[in-house]
Amino acid sequence: MSSAVSDAQERVRATGGRAPDVFRPGAWVPMREHPESEPVDFAIVGTGCGGSVLAARLAEAGHSVVAFDAGAFYRPLEDFASDEREQEKLYWLDERISGGDDPIELGSNNSGKAVGGSTVHFQMVALRFRPEWFKSRSLLGYGHDWPVDWREMWDYYAKAEAAMRIAGPIAYPWGPRRGSYPYREHELSASALVLAKGAEALGVKWSPTPTATLSAPHGAAHPCVYRGFCKIGCATNAKQSMLVTFVPRALKAGAEIRDLAMVGRIETGADGRATGVHYHRQGAWRFQKAKNVVVAGYSIETPRLLLNSACPQHPEGLANSSGLVGKNLMVHVNDAVWGIMEEEIRWYKGPPSLAVCEHWNYTDEGKDFDGGYAFMSQGPLPTDFATSLVSNEGVFGHELRKWMGHYNHMAGLKVVGETMPQESNRVELSDETDALGLPIPKVTFSYCDNDRRLARHAENFQSEMLRAAGARSLYRTKSTAHLMGGCRMGDDPAESVVDASGRSWDIDNLFVCDGSLFPTAGGVNPSMTIVANTLRIADRIIAMGRRGEIG
Amino acid sequence: MTAGNETPDESPFVTPYPHYDVLQKWDSPSFNDATRRALTQRLTEVPRRRFFDAERYTRLRAVVDCVLPQPERSEAERIPVEAWIDAQLEANQGSGTRYVGTPTQREAWRRGLDALEAEAHARHGSGFADLSPEQQTALLKAVDNGAVDQAHWQGVHAQRFFREILLKDAVKIYYAHPAAWSEMGFGGPAAPRGYVRLGPDDRDPWEAAEERPPQPVRGLP
Ligand SMILES: Cc1cc2nc3c(=O)[nH]c(=O)nc-3n(C[C@H](O)[C@H](O)[C@H](O)COP(=O)(O)OP(=O)(O)OC[C@H]3O[C@@H](n4cnc5c(N)ncnc54)[C@H](O)[C@@H]3O)c2cc1C
Ligand code: SF4
């Protein structure tokens, strides 16, 4: 429904040589503009962890860049209310069809639509992969190897963490040494202390969560004020979303951003190479010429666009000679355990997940499943909490209101559990079309037995820990979080959609650069890995450009 | 947890925070202009009925009063959940997910409400809105347990409609209302001023004071 707060969704803002200055109310920053008729070096579709980071790096290297986003260009200080309903504007709410044995909830559960992508509403948990996961097939016997070396990724994680000013502990208790985080860790909230207490009681390690929100001022942004609305957009700019980090950097380096611009099709020439993108903005379809096209729309929209761009030279969709576009879509198991504490927790305060346990990511003994999981303390806002309560427990009537009356005494632990890549979990085009005439995507997802074993293990372990922390009346909820995969990168053209540089095996001037590249999901939230991987890809593309290997 | 055979304790909800009102912070640093604009609209512009016909709307209200009863509030104070359900359907604003085999949300709501009516007639010989609160509660419990006559449901999965559509839409509206925030002791809007005291049993002066323990719920303390 239309917003009472701003017209960002109705009127384009990045236009006329300027774009919103997200740090100053009413102010603008200059923006370089590119004519549609002149091919830009890179047309980038999407401005999330993949798109905005790549736009900034390529523009900083001197390339001409236009980045498109279907979502609005928000000014957090003016447009973000402390209100869950109003802030639904941040989500991708266009209809998608969801099926399979365990259909995924889409929309606010995993898909953003805004300049800055899903990071505008992400929960800021900023973790690294366990090194072995980059070679999980060779080293751990499941999934697929990534076409990268973990030590290279370790360096890029450090760069990503520096750019996003991650606040975290001096010494992280799991995995190979990493430097201390750039900003000091946040004070633990009562809800985080529940996890800490439970972990100590069970004798497993825990840690303050590395978190993408400022613990000290930076530039025009103030430190986090612990208001706890992070998941629906941070109104103070403490949160280091792409909207306040890489997007301003991209603009400063000369990239152009086009907001409210939905790319519907990638055009290809007679030689089968990409020539530009068709996009819908201000009520009309338009065409931007480009020497290279990068798709960074995340695991559903990226395959959707590639499939919908089928042409005589590429009848099954672009970059799809392997048949793997849209396949191997993954989620994280996101089941939770909740309980009631004697003391008041008031979990609405502060970032919701300030404590983490990665014990079962780094321990292989005692597991009856492949893969790993982390879990974190929780702090859902009222409607978020109520919807999971009613959909899992079916509570209603006075009982429901009384149950919600325990809100300030509740605590919870929620898992981020690795699921296995399966070809049958996929994104396809349905026969139905949306308001712009584009085919609606259809998502099919079913857990495999390994996923279910992991979920059961996590449920038992989290319950044990929450009970050890003193919680009573435990109950459980089921859900999924995050999307990964759908356009796997790899070393073998028959087994992957793109190579280690994100470059399509089939079309040399078409790239994919976002969460859809993941060959495996890992047992941690994906953003830092997407940002690190994008920084790595950016360096490779820049180097190829210097060598004259880019069109 | 919600074992179906226990008799539910239907004593009314009583707030643990009787002297707390989120809206008293309206002019404080806990509210910014964006929040004030959003909440002004919510508090002053209750949408008129446009999507449902009058009869279905009356039934919808009866269903809302059963799933979120507000006996302690006058008509003027009551949170009119049905009005925003109707507005949401009129605007055709989806949630981003349509499960395979389920109709569009507009169609699901229409068929679901009609199925409740048919179930009421089959069981009690009168419409849902005319049943006693106990009968309404028992009927919705049966729907949640799938103990329904499929013929009434026109392909809609009864429990899924009840939990995933009806209850979810209703609580998304109810718990987005300042009156609901106050009754549960939620801090409410918190920008630019957030919180300082984060520890257990600690609170800032602008947070709710718990004056009595939350009421027991079946299975909960
Ligand atoms: C509620 C929530 C909480 C989360 N919490 C965390 C967390 O704590 N830690 C973490 O690491 N991760 C978290 N995530 C996940 C994280 O936000 C995503 O994994 C990440 O943002 C994905 O990056 P991306 O670049 O692949 O896609 P996105 O960030 O989603 O960006 C894609 C962008 O492309 C745009 N787009 C798509 N298609 C088109 C098109 N055809 N034309 C124009 N624009 C298009 C979209 O509008 C969107 O803005 C969370 C996600 C959600 C939803
Ligand atoms: S808790 Fe911090 S990061 Fe979250 S919304 Fe508030 S200020 Fe922003």
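These values consider heavy atoms only, across backbone and side chains, with no hydrogens, waters or symmetry-generated copies. Letters A, B, ... mirror the listed sequences (proteins, then strands); counts begin at 1.
When each of P192(B), G199(B), G187(B), P213(B) is scored by its heavy-atom pairs under 4.5 Å with chain A, the top score falls to G187(B). Note: D94(A) leads D94(A), V443(A), L77(A) in heavy-atom pairs under 4.5 Å with chain B. For the set S98(A), G99(A), G107(A), A190(A), the entry with the most heavy-atom pairs within less than 4.5 Å of chain B is S98(A). The choice from G405(A), G397(A), S111(A), A192(A) that makes the most heavy-atom pairs within less than 4.5 Å of chain B is G397(A). The candidate from E344(A), R401(A), R227(A), E343(A) with the greatest count of non-hydrogen atom pairs under 4.5 Å with chain B is R401(A). When each of Y226(A), W347(A), Y348(A) is checked for heavy-atom pairs under 4.5 Å with chain B, Y348(A) comes out on top.
At a 4.5 Å heavy-atom cutoff, the contact between A208(B) and chain A is made by backbone and side-chain atoms alike. Residue F31(B): no heavy atom, backbone or side chain, is found under 4.5 Å from chain A. Looking at E432(A), only its side chain comes within 4.5 Å of chain B, counting heavy atoms on both sides. Looking at I97(A), both its backbone and its side chain come within 4.5 Å of chain B, counting heavy atoms on both sides. Contact annotation for L381(A): only side-chain heavy atoms (C-beta onward) come within less than 4.5 Å of a heavy atom of chain B. With a threshold of 4.5 angstrom between heavy atoms, E342(A) does not approach chain B through any atom at all.
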